[in-house]
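Residue numbers start at 1 and run along the sequence shown. These numbers were taken from a predicted model, which means no experiment stands behind them.
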Amino acid sequence: MVKEHQERQSTLREEQERKRKAALAAVQKCTHAMVDSLNSGVEKAYENQRKLDREAKALQANSARYVKQTGQWLALVEGFNKSLKGLGDLEQWAKTIETDMRMVVDTLDFAYKGSGEVHVFQEHSDTPPTSEHHH
């Protein structure tokens, strides 16, 4: 009986040792799978972060180009507006000169009519204007 008991105990220990080794192997396999899974996730997160960094740098470069281009456009529009204002000022100046010239003509016309002299201006002629006296 003792011998049977010892043999059974030995068999149970061997079986227990096999099960312990199998469990240890399964735990190691599971641990490796979990580590690989975590590493894969970390690697994916790291790659995504690198992509985000590259895209952020590209976005920053594009934004800087956009700001520069917008500044150039604003300068062009400002120059265009100044040119338009200058044309408006030129038009106003021409109207003012025209008004002044009409006043001069009207004043001269009034002066000539008031003095009793009539001056005849000949267009496209090299001869000086003539004056006639009316009495």
Side-chain angles (χ1 to χ4, degrees):
M1 249 201 196
V2 174
K3 192 174 182 183
E4 282 179 24
H5 177 68
Q6 286 176 344
E7 285 178 11
R8 213 165 84 206
Q9 285 293 326
S10 177
T11 304
L12 284 174
R13 273 187 284 222
E14 286 174 7
E15 188 177 325
Q16 191 176 17
E17 184 63 23
R18 273 194 316 270
K19 287 181 180 180
R20 186 184 72 76
K21 286 182 181 179
L24 184 60
V27 166
Q28 285 178 342
K29 186 177 180 180
C30 181
T31 301
H32 285 299
M34 288 174 47
V35 167
D36 288 346
S37 176
L38 286 174
N39 284 342
S40 175
V42 168
E43 183 180 335
K44 184 69 174 170
Y46 178 73
E47 184 61 32
N48 286 342
Q49 183 62 43
R50 287 180 51 202
K51 284 180 184 177
L52 285 173
D53 289 343
R54 284 192 305 268
E55 289 178 12
K57 286 179 184 178
L59 179 61
Q60 184 178 15
N62 286 340
S63 294
R65 279 194 298 274
Y66 175 72
V67 166
K68 182 179 177 182
Q69 187 175 29
T70 301
Q72 291 171 342
W73 288 347
L74 288 173
L76 285 173
V77 168
E78 185 177 330
F80 181 70
N81 283 339
K82 284 182 181 179
S83 295
L84 284 178
K85 184 178 183 283
L87 288 175
D89 291 346
L90 180 63
E91 182 181 5
Q92 185 61 38
W93 175 80
K95 286 179 181 178
T96 302
I97 293 296
E98 182 181 4
T99 302
D100 290 350
M101 293 307 292
R102 285 184 189 192
M103 286 181 11
V104 168
V105 167
D106 290 345
T107 301
L108 288 174
D109 189 37
F110 178 75
Y112 288 137
K113 286 181 182 176
S115 69
E117 294 184 3
V118 176
H119 292 274
V120 178
F121 292 95
Q122 299 170 350
E123 286 189 37
H124 307 294
S125 173
D126 290 337
T127 59
T130 61
S131 71
E132 301 173 12
H133 294 284
H134 295 280
H135 294 285

Problem set entry | Least distance between heavy atoms, Gln6 atom then Arg13 atom | O-NH2, 4.5 Å
Seminar exercise, completed: Output for pair (Phe110 CZ, Thr107 OG1), nearest 0.5 Å, gives 9.0 Å
For this session: Please indicate whether Gln69 has more than 12 foreign heavy atoms, meaning atoms of other residues, nucleotides or ligands, lying under 6.0 Å from its CD.
Result: yes
Exercise. Who passes salt bridge (charged side-chain N to carboxylate O under 4.0 Å, His left out) against Glu78, sequence neighbours left out?
Worked result: Lys82
For this session: Taking the side chain as every heavy atom from C-beta outward, state whether Phe80 and Leu84 have any pair of such atoms under 4.5 Å apart.
Result: yes
Exercise. So do the side chains of Lys68 and Arg65 get within less than 4.5 Å of each other, counting heavy atoms only?
Worked result: no
Exercise. Do NZ/NE/NH1/NH2 and the carboxylate oxygens of Arg8 and Glu4 come within less than 4.0 Å?
Worked result: no
For this session: Calculate, to the nearest 0.5 Å, the distance between atoms CZ and CD belonging to Arg54 and Gln49 respectively.
Result: 11.0 Å
Could you give the side-chain donor-acceptor pairs of residues 27-41 under 3.5 Å, partners two or more places apart or in another chain?
unit_1: Thr31; atom_1: OG1; unit_2: Val27; atom_2: O; d: 2.7
unit_1: Asn39; atom_1: ND2; unit_2: Val35; atom_2: O; d: 3.4

For this session: Please report the C-alpha distance between Glu47 and Arg50 in whole Å, then the side-chain angles of each, then the deciding distance to 0.1 Å, and finally whether the salt bridge (charged side-chain N to carboxylate O under 4.0 Å, His left out) criterion is met.
Result: CA-CA 5 Å; Glu47 184 61 32; Arg50 287 180 51 202; 3.6 Å; yes
Exercise. In Å, rounded to the nearest 0.5 Å, how long is the span from CD of Gln92 to OG1 of Thr99?
Worked result: 8.5 Å
For this session: Could you tell me the separation between the NZ atom of Lys85 and the CG atom of Asn81, rounded to the nearest 0.5 Å?
Result: 11.0 Å
Exercise. Can you tell me how far the CD atom of Gln72 sits from the CG atom of Leu76, to the nearest 0.5 Å?
Worked result: 7.5 Å
Problem set entry | Inter-residue atom distance Arg20.CZ - Glu15.CD, 0.5 Å rounding | 14.5 Å
For this session: Could you check Asp89, Thr96, Ile97 and say which one makes a side chain to side chain contact (heavy atoms under 4.5 Å, CB included) with Trp93?
Result: Ile97
Exercise. If you measure from the Lys or Arg side-chain nitrogens to the Asp or Glu carboxylate oxygens, is any gap between Glu91 and Lys95 under 4.0 Å?
Worked result: yes
Exercise. Could Asp109 and Lys113 be called an ion pair, given the rule that one side-chain N must be under 4.0 Å from one carboxylate O?
Worked result: yes
